[in-house]
Participant: 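Supplied in structure tokens, the structure appears directly below.
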Amino acid sequence: QLEKTIDGLFEQVKSLTEYDNEVWDLTKTFWDKVNTHYQEKDLTREHAGMLRDKINEAFNILKSLRKSAQEQFGKEARQVYEQLSGQVKKITDSFSQKSNLNAVFDQLKKLQEEANKVRLGAEMRKQLSELLNNAFEMVKAERQKSGLRHLENRIKGLQDVIARMEKSIKE
């Protein structure tokens with residue numbers, strides 16, 4: 001009976017076109033069942049070996065499917081990472097002192113929300129996060145500079161008014 005169910009599992013694994021974690025867990029369960037039956041001396045060594053070989057073959061198929069799924073994920077994640085990092089770089093490159101800083105900040109915020117929704121590898125997520133943080137810091141620094149520039153312009157304007165008043169008083 002165990003052999004029939006393992007044969008059914010093996011056929012199910014052979015029919016898979018992509019990796020399935022549930023089938024992996026099911027295969028692990030059968031591996032444990034075979035070991036339990038062997039330890040309880042319900043199976044002979046030869047029979048347990050034959051069943052383990054079949055389960056190992058199923059594991060090999062699942063491993064190859066998982067590897068191809070991981071490679072596909074890596075390619076897709078790389079494309080998404082390149083797209084998002086390109087958008088961040090485009091925003092930071094087109095950024096100028098006269099830009100509407102709130103609009104730039106909102107664009108970066110949208111990109112950050114989008115980045116949080118997509119599937120990325122840990123290293124790519126970390127790099128993208130650093131890129132976004134640097135962009136946010138740039139906007140923050142520019143906001144501070146713009147506040148200082150505003151005050152400097154105001155002081156300069158007041159100094160000009162004082163100079164004109166002094167000139168008119170002398171006249």
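As the structure is a computational prediction, the values presented were derived from the model and not from experiment.
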Participant: Could you measure the distance from the CD1 atom of I162 to the NZ atom of K167? Nearest 0.5 Å is fine.
Facilitator: 16.0 Å
Participant: Please determine, by modelled atom types, if Q79 and Q83 share a side-chain donor-acceptor pair under 3.5 angstrom.
Facilitator: no
Participant: Nearest 0.5 Å, what's the NZ-OG1 distance between K33 and T5?
Facilitator: 6.5 Å
Participant: CG of L62 to CD of E57: how many Å apart, nearest 0.5 Å?
Facilitator: 11.5 Å
Participant: Specify the closest pair of heavy atoms between V34 and A48, including all atoms of both residues, with the distance to one decimal.
Facilitator: CG1-O, 4.0 Å
Participant: Rounded at 0.5 Å granularity, tell me how far CG in L111 sits from NZ in K90.
Facilitator: 10.5 Å
Participant: Charged N to carboxylate O under 4.0 angstrom, E11 versus K14?
Facilitator: yes
Participant: Measuring from E171:CD to E166:CD, what's the distance to the nearest 0.5 Å?
Facilitator: 12.5 Å
Participant: Give, for atom CD of E46 and atom CG of L51, the distance between the pair rounded to the nearest 0.5 Å.
Facilitator: 11.5 Å
Participant: So with a 6.0 Å cut-off around CD of E130, is the heavy-atom count from everything else above 12?
Facilitator: yes
Participant: Test side chain to side chain contact (heavy atoms under 4.5 Å, CB included) on Q112 and N116 and set out the steps.
Facilitator: CA-CA 6 Å; Q112 188 178 39; N116 289 335; 4.2 Å; yes
Participant: Is it the case that one hydrophobic cluster holds both F59 and L16, taking links as side-chain heavy atoms less than 4.5 Å apart, direct or via other members?
Facilitator: yes
Participant: Could you check if a side-chain atom of K63 sits within less than 4.5 angstrom of a side-chain atom of W24, using non-hydrogen atoms only?
Facilitator: yes
Participant: Locate the shortest heavy-atom distance separating A115 from L132; write the atom from each residue and the value.
Facilitator: CB-CD1, 4.4 Å
Participant: Can you name the closest pair of heavy atoms from K109 and F136 and give their distance?
Facilitator: N-CZ, 3.7 Å
Participant: Scan D32, I61, I55 and name whichever one has a side-chain contact (heavy atoms from CB on, under 4.5 Å) with T27.
Facilitator: I55
Participant: Can you tell whether the side chains of E82 and R78 come within less than 4.0 Å, N to carboxylate O?
Facilitator: yes
Participant: Would you check if the side chain of S129 reaches a backbone N or O of R125 as a donor-acceptor pair within less than 3.5 Å?
Facilitator: no
Participant: Taking the side chain as C-beta and beyond, is there a heavy-atom pair between M50 and K54 under 4.5 Å?
Facilitator: no
Participant: Does Y19 form a side chain to side chain contact (heavy atoms under 4.5 Å, CB included) with K67? I'd like the steps, not just the answer.
Facilitator: CA-CA 9 Å; Y19 177 75; K67 184 178 179 183; over 6 Å; no
Participant: Is any side-chain heavy atom of M138 less than 4.5 Å from a side-chain heavy atom of N134?
Facilitator: no
Participant: Side-chain contact test, heavy atoms from C-beta onward, threshold under 4.5 Å: evaluate it for L84 versus V88 and give yes or no.
Facilitator: no
Participant: Tell me, with the steps shown, if L131 and T92 meet side chain to side chain contact (heavy atoms under 4.5 Å, CB included).
Facilitator: CA-CA 10 Å; L131 195 62; T92 56; over 6 Å; no
Participant: For G74 and M124, work out which heavy atoms get closest and say how close.
Facilitator: O-CE, 4.3 Å
Participant: Hey, mind stepping through L26 and E22 against side chain to side chain contact (heavy atoms under 4.5 Å, CB included) and telling me if it holds?
Facilitator: CA-CA 6 Å; L26 185 64; E22 291 177 13; over 6 Å; no
